Amino acid sequence: MNLYESINRIKSIMYESVKDYEITTYGDIKSPNGMIVCITTTDGKHIGETNIIDFENGLSLSPNLTKFMETNNDMFNQDNCVYQYSLDIDQPYQRQGWGEKLKHECHDIIKNLGYKYATNIVRHDNIGSQKLMDKLGYKKIEIREFIN
């Protein structure tokens with residue numbers, strides 16, 4: 001590797017470690033409404049947000065999660081899993097990787113709180129979210145019956 005290639009490699013490693021966004025959380029994952037995780041630009045412009053909640057409160061909050069667990073309750077237990085819902089990226093920032101960055105930040109929060117798994121419910125016609133879940137390595141479980 002010549003000097004020019006080495007310098008470019010070092011620069012790219014440096015840029016990868018610099019975040020071009022900030023994460024702010026509101027609430028508690030173990031509260032009835034869970035935690036809101038917001039992503040903003042470094043100058044404070046809102047990019048998007050999502051919610052994470054423990055399973056006990058998630059079951060009270062979401063009829064969809066309750067319906068899912070009626071047929072898939074052997075996969076998770078309330079101590080090792082959280083429910084992530086309502087990923088919303090503002091229109092000007094869509095399709096630029098912000099949803100993926102936000103999901104990665106949520107994964108870090110979840111791991112730091114001692115949880116092993118996150119579950120999401122995505123409509124079958126939400127192709128963008130389906131692709132994001134695939135990219136992030138989520139296991140897909142299809143439910144054929146109607147869920148709101």
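Just so it is clear, the values below take in all heavy atoms, side chains as well, and ignore hydrogens, waters and symmetry mates. Fair warning: this is a prediction, and the values are worked out from it, not measured in the lab.
Judged by distance alone, the side chain of Asn112 and the main-chain N or O of Asp108 form a donor-acceptor pair under 3.5 Å. Without hydrogens or angle criteria, Thr50 side chain to Tyr85 main chain gives a donor-acceptor distance under 3.5 Å. Of the possible donor and acceptor atoms, one in the side chain of Gln94 sits under 3.5 Å from a partner among the backbone N and O of Ile89. A donor-acceptor pair is defined here as one N or O able to donate and one able to accept, closer than 3.5 Å; no such pair exists between the side chain of Asp90 and the backbone of Pro92.
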### Task
Could you give me the CA-CA distance, side-chain angles and deciding distance for Tyr115 and Tyr117, then say whether ring pair (Phe, Tyr, Trp, His ring centres under 6.0 Å) is met?
CA-CA 6 Å; Tyr115 295 95; Tyr117 303 101; over 10 Å; no
### Task
In sequence, state the C-alpha distance, the side-chain angles, and the governing distance for Asp43 and Thr41, and then conclude on side-chain hydrogen bond (donor to acceptor under 3.5 Å, both in side chains).
CA-CA 5 Å; Asp43 61 352; Thr41 62; 2.3 Å; yes
### Task
List the steps and the verdict of side-chain contact (heavy atoms from CB on, under 4.5 Å) for Cys106 and Gln84.
CA-CA 9 Å; Cys106 286; Gln84 183 176 4; 3.6 Å; yes
### Query
Yes or no on side-chain contact (heavy atoms from CB on, under 4.5 Å) for Lys116 and Val82, after CA distance, side-chain angles and deciding distance?
CA-CA 8 Å; Lys116 289 180 70 174; Val82 298; over 6 Å; no
### Task
Please assess Glu49 against Val37 for the test side-chain contact (heavy atoms from CB on, under 4.5 Å), listing each intermediate value before the final yes or no.
CA-CA 5 Å; Glu49 61 188 52; Val37 183; over 6 Å; no
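For the atom pair CD1 (Ile39) and CD1 (Ile47), the distance works out to 5.0 Å, reported to the nearest 0.5 Å. The OH atom of Tyr93 lies 5.5 Å from the NZ atom of Lys45; values are rounded to the nearest 0.5 Å.
For the pair Lys103/Leu87, a side-chain contact is recorded, criterion being any heavy-atom separation below 4.5 Å from C-beta on. Using a 4.5 Å heavy-atom threshold, the side chains of Ile23 and Cys38 count as separate. Residues Phe55 and Thr119 have side chains in contact (heavy-atom distance under 4.5 Å, counting atoms from C-beta outward).
Under the 4.5 Å side-chain heavy-atom criterion for grouping Ile, Leu, Val, Met, Phe, Trp and Tyr, Leu102 is connected to Tyr21 within one hydrophobic cluster. Under the 4.5 Å side-chain contact rule for hydrophobic residues, Ile109 and Trp98 share a cluster.
Side-chain contact, Asn33 with Ser31: no donor N or O sits under 3.5 Å from an acceptor N or O.
Residue Ile52 is tested with Leu113, Asn120, Thr25, Ile110 for a side-chain contact (heavy atoms from CB on, under 4.5 Å); the sole match is Ile110.
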